[in-house]
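Structure first, commentary second.
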Amino acid sequence: MSIDAPRRRRGAGTVARAGGLLLVLAFLALLAYGVLTRAPDTTIDDQLVRAQTAPAPGFDLAVLADGNPGPDLTAAWRRAAADGQVNLSELRGTPVVLNFWASWCDPCRQEAPVLRRGAERWRERGVLFVGLDMQDVTEDARAFLREYRLDFPQVRDPTNDTARRWGATGIPETFFIGADGRVVGHVIGTVSREQLDGGARAALAGRPQTTARGGEQRPTR
């Protein structure tokens, strides 16, 4: 045997170990990237905990149902929804209550009557309620709206991309947006009448509230 053979074997082993280490590092890097890209954004809650408003993340989503925005808000909604899509920036100048939901979410069913009555109270005062149906089948979502008589405007995201940008970790979650397009409040889980009214008042005034814990919710799929 050549005296160089052991050296060659040691060299080959070193290369193999180095290659294995690189593969492990590459896997860990991909894993970290996947976690970061799928993790919800915490910007809104980070700002609200400091008693500061946060810029509302934009979206451009298909209209699920036009509903009844309210007497003073119908023209603004129709302009925004004229092409079958609604961009949140098109609603600037209007206080908005944005509710994330899905038909397969049991807590969303418990919350639906609270939202229906809240929309009826606040549309007369110039607050626009918008539902954002996510990770859902269109016909199931429309059946849900009919069953619970939710007649305020609705948009639809078949994925959970919008929810992640808003920092929603489950459904339902409700965000309150001032007329200047900044988030002033956030309720995680089913929202109570008191939380809904407080958030709508904050949206009208542009006054920040801290993030609040509501009732039950379901994790996003």
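Side chains included, hydrogens not; waters and symmetry mates left out as well; all remaining heavy atoms used. On a predicted model such as this, the values are computed, not experimentally measured, just so you know.
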Closer than 3.5 angstrom, by distance alone: can the side chain of Ser192 be matched with the main-chain N or O of Gln195 as a donor-acceptor pair? yes
Looking at Glu216 and Arg218, is there a salt bridge between them, counting it only when a charged N and a carboxylate O are closer than 4.0 Å? yes
Tightest non-hydrogen contact, residues Gly126 and Pro95, listed as O-CD, 3.5 Å
For Asp151, is there an ion pair with Arg123 - N to carboxylate O distance below 4.0 angstrom? yes
Spacing of Ile177 atom CD1 and Thr94 atom OG1 [to the nearest 0.5 Å]: 10.5 Å
Check for me whether Arg109 meets the cation-pi criterion with Trp104, that is, NZ or CZ under 6.0 Å from the six-membered ring centre and within 45 degrees of the ring axis. no
Can a donor-acceptor pair be found, under 3.5 Å and without considering hydrogens, that links the side chain of Arg207 to the backbone of Ala203? no
Side-chain heavy atoms of Leu115 within contact of Phe152, under 4.5 Å: yes
Run Leu64 and Asp133 through side chain to side chain contact (heavy atoms under 4.5 Å, CB included) and show every step you take. CA-CA 8 Å; Leu64 178 66; Asp133 175 54; 3.9 Å; yes
For the pair Glu173 (side chain) and Phe100 (backbone), establish whether a donor and an acceptor sit closer than 3.5 Å, ignoring hydrogens and angles. no
Rounded to the nearest 0.5 Å, what separates atom CD in Gln47 from atom OG1 in Thr210? 12.0 Å
Taking all non-hydrogen atoms of both residues, which atom of Ala81 and which atom of Val63 are closest, and how far apart? CB-CG2, 3.7 Å
Please tell me if the side chains of Leu204 and Trp122 come closer than 4.5 Å, counting only heavy atoms from C-beta onward. yes
Checking Asp60 now: which residues fulfil side chain to side chain donor-acceptor pair (under 3.5 Å) with it, not counting sequence neighbours? none
Pairwise side-chain contact, Val97 with Val130, heavy-atom cut-off 4.5 Å (strictly under): no
Using side chain to side chain contact (heavy atoms under 4.5 Å, CB included), reason through Phe59 and Asn87 one step at a time and then give a plain yes or no. CA-CA 6 Å; Phe59 61 68; Asn87 191 304; over 6 Å; no
Looking only at non-hydrogen atoms, find the nearest pair between Cys105 and Ile171 and report the distance. SG-O, 3.5 Å
Could you tell me if the side chain of Thr169 sits less than 4.5 Å from the side chain of Gln217, heavy atoms only? yes
Closest non-hydrogen atom pair between Leu91 and Ala80, with its separation: CD2-CB, 3.9 Å
Kindly indicate whether the side chain of Arg165, heavy atoms from C-beta on, has any atom under 4.5 Å from the side chain of Asp41. no
With sequence neighbours excluded, what pairs up with Arg193 under the side-chain contact (heavy atoms from CB on, under 4.5 Å) test? Arg121, Asp197
Under a 4.5 Å cut-off applied to non-hydrogen side-chain atoms, are Ser103 and Leu145 in contact? no
Joint hydrophobic cluster, Val187 plus Ile44, side-chain heavy atoms closer than 4.5 Å: no
I'd like to know whether Leu196 forms a side chain to side chain contact (heavy atoms under 4.5 Å, CB included) with Phe129, so could you lay out the CA-CA distance, the side-chain angles of the two residues, the decisive distance to 0.1 Å, and finally the verdict. CA-CA 11 Å; Leu196 195 58; Phe129 276 57; 3.9 Å; yes
For Pro158, which residues count as a side-chain contact (heavy atoms from CB on, under 4.5 Å) partner, sequence neighbours excluded? Arg156
Of all heavy-atom pairs between Gln209 and Leu48, which one has the smallest distance, and what is that distance? O-CD2, 3.3 Å
Go through Trp77 and Asp66 one step at a time and tell me if the side-chain hydrogen bond (donor to acceptor under 3.5 Å, both in side chains) criterion holds. CA-CA 8 Å; Trp77 174 259; Asp66 284 314; 3.0 Å; yes
Side-chain heavy atoms nearer than 4.5 Å, only ILVMFWY residues, links allowed to pass through others: does that put Leu73 and Leu61 together? yes
Please find the pair of heavy atoms, one from Pro55 and one from Arg182, that lie closest to each other, and give the distance. CD-NH2, 3.6 Å
Do Phe175 and Val96 pass the side chain to side chain contact (heavy atoms under 4.5 Å, CB included) test, and can you show the C-alpha distance, the side-chain angles, and the key distance before you say yes or no? CA-CA 8 Å; Phe175 294 85; Val96 174; over 6 Å; no
Is the shortest heavy-atom distance from the side chain of Gln52 to the side chain of Pro208 under 4.5 Å? no
Do the side chains of Ile188 and Val191 join up, straight or via other hydrophobic residues, at under 4.5 Å, putting them in one cluster? no
Under 4.5 Å between side-chain heavy atoms, hopping through other hydrophobics if needed: is there a path connecting Leu132 to Val183? yes
Answer whether the closest heavy-atom distance between the side chains of Trp101 and Met134 falls below 4.5 Å. no
Are Glu139 and Arg142 ion-paired here, with the side-chain N under 4.0 Å from a carboxylate O? yes
